[in-house]
Amino acid sequence: MTMSADLYQQVILEHNKKPRNYLKLDGATHTAEGFNPLCGDHLWVYAKVNADGVIDEMTFEGLGCAISKASASMMTVALKGKTIDEARVIFKEFHSLLLGDLKPDITPNQLGKLKIFSGIWQYPARVKCAALGWHAMNGALNQLQTVTTE
Ligand code: ZN
């Protein structure tokens with residue numbers, strides 16, 4: 001097992017055990033439900049966006065596999081304090097990373113810790129798990145109610 005695969009395992013397990021910002025957010029300005037029928041992951045993402053377009057708070061809840069929960073958990077940490085526009089840029093970068101199009105060591109990016117997902121493109125079924133919370137977040141920012149990975 002390579003170093004990065006090992007780190008990936010550790011981080012996924014840790015976030016799955018102790019997901020960050022795992023609660024329903026009262027007074028959310030944006031919310032969406034995400035469903036991944038392939039795996040059965042079912043998450044809700046909540047955001048509180050202030051008048052300047054900054055994400056003051058982001059939370060999630062629901063049931064899903066370790067990868068979907070860990071990815072959503074890391075997303076809430078990464079996007080808190082970002083503007084909606086910045087969140088959309090990071091979503092795009094993360095999506096390219098999941099598909100294997102963005103090579104984080106070559107292409108400049110703002111992914112930070114999210115880079116641990118860089119090997120996941122080799123497992124297409126897992127890509128949908130990792131992307132679910134993000135699609136729900138993007139849907140929430142676009143005022144959509146429900147998002148599925150299909
Ligand atoms: Zn899953």
Side-chain angles (χ1 to χ4, degrees), residues 1-26 28-49 55 57-82 84 86-107 109-150:
M1 184 179 276
T2 66
M3 278 282 278
S4 65
D6 196 37
L7 175 69
Y8 169 76
Q9 295 281 0
Q10 273 180 32
V11 174
I12 298 286
L13 291 175
E14 205 272 327
H15 274 268
N16 181 50
K17 210 163 77 185
K18 277 195 291 176
R20 314 299 194 275
N21 305 303
Y22 188 76
L23 70 156
K24 185 175 178 182
L25 183 62
D26 285 329
T29 55
H30 296 69
T31 178
E33 177 182 3
F35 184 52
N36 172 17
L38 207 67
C39 177
D41 309 314
H42 197 178
L43 303 176
W44 282 259
V45 172
Y46 308 92
K48 210 181 266 183
V49 179
I55 299 164
E57 283 179 79
M58 184 174 281
T59 69
F60 80 105
E61 64 174 358
L63 295 171
C65 65
I67 293 172
S68 67
K69 275 171 77 178
S71 178
S73 171
M74 292 178 74
M75 174 185 77
T76 63
V77 174
L79 299 187
K80 188 179 169 164
K82 298 283 191 286
I84 287 184
E86 288 168 340
R88 288 202 174 108
V89 170
I90 296 171
F91 169 63
K92 250 179 149 171
E93 289 182 351
F94 187 66
H95 202 246
S96 301
L97 179 83
L98 292 185
L99 297 176
D101 295 335
L102 187 152
K103 306 275 182 258
D105 297 334
I106 299 168
T107 313
N109 63 81
Q110 305 166 58
L111 291 169
K113 290 178 184 163
L114 297 165
K115 279 188 272 197
I116 58 141
F117 287 94
S118 64
I120 204 169
W121 58 271
Q122 297 162 80
Y123 311 95
R126 303 282 88 173
V127 167
K128 295 199 171 182
C129 299
L132 179 65
W134 291 77
H135 281 295
M137 176 280 296
N138 191 51
L141 295 183
N142 290 324
Q143 306 286 6
L144 300 172
Q145 240 102 69
T146 314
V147 176
T148 77
T149 53
E150 295 304 302

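Both ligands and their constituent atoms are indexed starting at 1 by order of listing.
- Side-chain contact between Thr149 and Pro37 is present, with at least one heavy-atom pair separated by less than 4.5 Å.
- A distance of 7.0 Å separates OG1 in Thr29 from CD1 in Ile84, rounded to the nearest 0.5 Å.
- The Zn ion (ligand 1) has Cys39 SG, Asp41 OD1, Asp41 OD2, Cys65 SG, Cys129 SG as protein N, O or S atoms under 2.8 Å away.
- For the residue pair Tyr46 and Glu61, a side-chain donor N or O sits within less than 3.5 Å of a side-chain acceptor on the partner.
- Note: His42 NE2 to Ser68 OG = 11.5 Å, rounded to the nearest 0.5 Å.
- Of the possible polar contacts, one joining the Tyr22 side chain to the Gly62 backbone as a donor-acceptor pair under 3.5 Å is found.
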All N/O donor-acceptor pairs, side-chain side in residues 89-104, below 3.5 Å, sequence neighbours left out:
from, atom 1, to, atom 2, distance (Å)
Glu93, OE1, Gln110, N, 2.8
Ser96, OG, Lys92, O, 3.1
Lys103, NZ, Gly100, O, 2.5

